Participant: 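Starting off with a structure, shown below.
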2 protein chains.
Amino acid sequence: MKDGHARELMDLTPTDALSIWRDAITESVRRDTPDLSARQMAVLTTVYLCPAPHTVRGLAEQLNVAKPAVTRAVDRLSELGLVRRKPDQEDRRSVLINRTVKGSVFLSEFGEMIVQAAHGTSQS
Amino acid sequence: MKDGHARELMDLTPTDALSIWRDAITESVRRDTPDLSARQMAVLTTVYLCPAPHTVRGLAEQLNVAKPAVTRAVDRLSELGLVRRKPDQEDRRSVLINRTVKGSVFLSEFGEMIVQAAHGTSQS
DNA sequence: TGTTTTCGATTCGCTTTCGATATGATCATG
DNA sequence: CATGATCATATCGAAAGCGAATCGAAAACA
C-alpha cells in the first residue's frame, strides 16, 4: 500500500485476492511441489482443517463430487504421504482419512507461501 | 474476529491463510468448475495478471516447468475457452497467449470466492 | 545467401486419470 | 439369518498427462 496505512483483511478486493492467489500458486509450481488438482487440494485441506473423522463418503458429500473421485484423490495423496488411510474399527466398511507429519509440513509451508504472497501484494 | 477489531492483512497467519484457501478452493470444487491443476491455474492467472505478451517459452521459464507442460496447459485452457492462442504477427514463430471474456469472468468469480472466504474466516 | 539458432507445436510410448458402473465386504433391519 | 442398504474400491474403455525427441517455420547471424 502506498499510503502506509494497514490494509484490512475485510477490504480485500477480488483483484487483490487473485493476485495473492497467483503469487502463492506460482511459487508453489516453481518449487516443483506436487502438481495437485483443485479437488486434491480441497480434500487435503479439508482433512487438515475440518474436524475428524473424515471418510470417503463424507468428503464426497462435502465437496459435491463422486466417491470414486475422492478415492482417487486419497490414492494420490497417500502415495505422496500427505494423508494416511486407517480402517475404522467401529464400522469396518469405512476407512478414515488421517493426517500425517509430512502433510502437516506440506500445508504449513503452503500457508507460509500464501502469507508471503499477501505481504508482497499489500505491502506498505 | 471476536473482539471486533479489524484484522489487518499483514497480520494474516499461515493457519488463517490456509483456512481461506480451503474455503475458496472447496467452494470452487463444489460449484463443479473445471478441475484445474496447480500448473494450469498458475498459467491462467499469470496470463491475466502479468503484463502481456505471454509466450509458451516465457511462461515455461517463469513457472520453471517444461515447455510441453505449458503447451498442454494452454491446450486445456483453450478448450475451456479461458485463454486463446494468437499468432504473433511480428515474430510468426511465436504464439501469444491472450485473455478471453470467458476467462475474465472465470477469474473474476474466482477472486470473489476468495474474498468471500476471507470474510468468512476473519469476520468480526 | 547459407548456416545456425530459436521458436512453438507435434509426435512417440507409456503412464495416469477420468466418469460410470460393478463388486465385495459389512452393517442394519425385519 | 436373510435381505437390502451402505461402505470403499475394482474395473472398464476413453481421455489426458508425462518427458524426450523431433518437426517445420522463421529469425538471426555470418
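Here the structure is a predicted model, which means the values were calculated and not measured. Numbers restart at 1 for each chain; the letters A, B, ... are given by sequence-line order, proteins then strands.
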Participant: DNA chain C: A:Q89 or B:G58, which has the more 5' nearest nucleotide?
Facilitator: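 Taking each residue's closest nucleotide, the earlier one in sequence belongs to B:G58.
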Participant: Heavy atoms from C-beta onward define the side chain here; which of D:dA16, C:dT10, D:dC7 lies closest to that of B:E79?
Facilitator: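 Nearest nucleotide to the side chain: D:dA16.
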Participant: What nucleotide, of C:dG19, D:dA8, C:dC7, holds the atom closest to the side chain of A:T55?
Facilitator: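 Minimum distance to the A:T55 side chain belongs to D:dA8.
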Participant: Closer to the 5' end of DNA chain D via nearest nucleotide, is it B:R39 or A:D75?
Facilitator: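 By nearest-heavy-atom nucleotide position, the 5'-most residue is A:D75.
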Participant: Measure from the side-chain heavy atoms of B:A69 and tell me the nearest of C:dG19, C:dG8, D:dG19.
Facilitator: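 So the side chain of B:A69 is nearest to D:dG19.
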Participant: To the nearest Å, give me how far apart CG (A:D91) and C1' (D:dT6) are.
Facilitator: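 Nearest whole value for this atom pair: 8 Å.
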Participant: For A:G81 and A:T100, work out which heavy atoms get closest and say how close.
Facilitator: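 Looking at all heavy atoms of both residues, the closest pair is O-OG1, 2.7 Å.
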Participant: So, is B:R85 close to the C:dA9 phosphate, meaning a side-chain N or O under 4.0 Å from OP1 or OP2?
Facilitator: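 So the side chain of B:R85 is within the cut-off, an N or O lying under 4.0 Å from OP1 or OP2 of C:dA9.
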Participant: Between atom CG in B:D35 and atom P in C:dG19, what is the gap in whole Å?
Facilitator: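 Those two atoms, CG and P, are 8 Å apart.
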Participant: In whole Å, what is the span from the NZ atom of B:K86 to the P atom of C:dA9?
Facilitator: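 That distance rounds to 15 Å.
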Participant: To the nearest Å, how far apart are A:D88 CG and C:dA25 P?
Facilitator: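 So the CG-P distance, A:D88 to C:dA25, works out to 18 Å.
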Participant: If I take atom CD1 in residue B:I97 and atom P in nucleotide C:dC7, what distance separates them, rounded to the nearest angstrom?
Facilitator: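 Nearest whole value for this atom pair: 14 Å.
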Participant: In whole angstrom, give the distance that lies between atom NZ of A:K67 and atom P of C:dA25.
Facilitator: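 Rounding to the nearest Å, NZ of A:K67 and P of C:dA25 are 16 Å apart.
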Participant: With no hydrogens and no angle check, do the side chains of B:T46 and A:R22 hold a donor and an acceptor under 3.5 Å apart?
Facilitator: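 Side chains of B:T46 and A:R22: pair found under 3.5 Å.
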Participant: Charged N to carboxylate O under 4.0 angstrom, B:D35 versus B:R76?
Facilitator: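 Result for this pair is no, no salt bridge flagged.
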Participant: Using only side-chain N and O atoms of A:R72, determine if any of them is under 4.0 Å from OP1 or OP2 of D:dA10.
Facilitator: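 For D:dA10, OP1/OP2 do not have a side-chain N/O of A:R72 under 4.0 Å.
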Participant: Look at the side chain of A:R93 and decide which nucleotide, out of D:dG19, D:dA26, D:dC7, has an atom nearest to it.
Facilitator: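 The listed nucleotide nearest to A:R93's side chain is D:dC7.
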Participant: Within this structure, what is the CG-to-P distance between B:L59 and C:dG8, rounded to whole angstrom?
Facilitator: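 Value for this atom pair: 9 Å.
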Participant: Taking all atoms of both residues into account, what is the closest heavy-atom pair of B:A24 and B:A117, and its distance?
Facilitator: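 In terms of heavy atoms, the two residues are closest at N-CB, 3.8 Å.
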Participant: Do B:T55 and B:S94 have side-chain N/O donor and acceptor atoms under 3.5 Å apart?
Facilitator: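 Their side chains do not contain a donor-acceptor pair, so the 3.5 Å distance test is not met.
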Participant: Closest approach to the side chain of B:R76, judged atom by atom: which nucleotide of D:dG17, D:dC18, C:dG19 is it?
Facilitator: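 Within the option list, the nearest is D:dG17.
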Participant: State whether a side-chain donor-acceptor pair under 3.5 Å links B:T13 with B:D16.
Facilitator: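 Checked: B:T13/B:D16 side chains pair up, N/O donor to acceptor below 3.5 Å.
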Participant: Is the shortest side-chain N/O distance from B:R57 to OP1 or OP2 of C:dT5 below 4.0 Å?
Facilitator: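 Result: no.
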Participant: Pick the nucleotide of DNA chain C nearest each of A:A66 and B:V56; which residue has the one closer to the 5' end?
Facilitator: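 By nearest-heavy-atom nucleotide position, the 5'-most residue is B:V56.
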Participant: Can a side chain N or O of A:T71 be found less than 4.0 Å away from OP1 or OP2 on D:dT9?
Facilitator: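 Yes, A:T71 has a side-chain N/O under 4.0 Å of OP1/OP2 on D:dT9.
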Participant: When you get a sec, tell me which of C:dT21, C:dT10, C:dG8 is the closest nucleotide to the side chain of B:P68?
Facilitator: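 Selected nucleotide (nearest to the side chain): C:dT10.
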Participant: Given atom CZ of A:R92 and atom P of C:dG24, what is their separation to the nearest angstrom?
Facilitator: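 After rounding, the gap between these two atoms is 19 Å.
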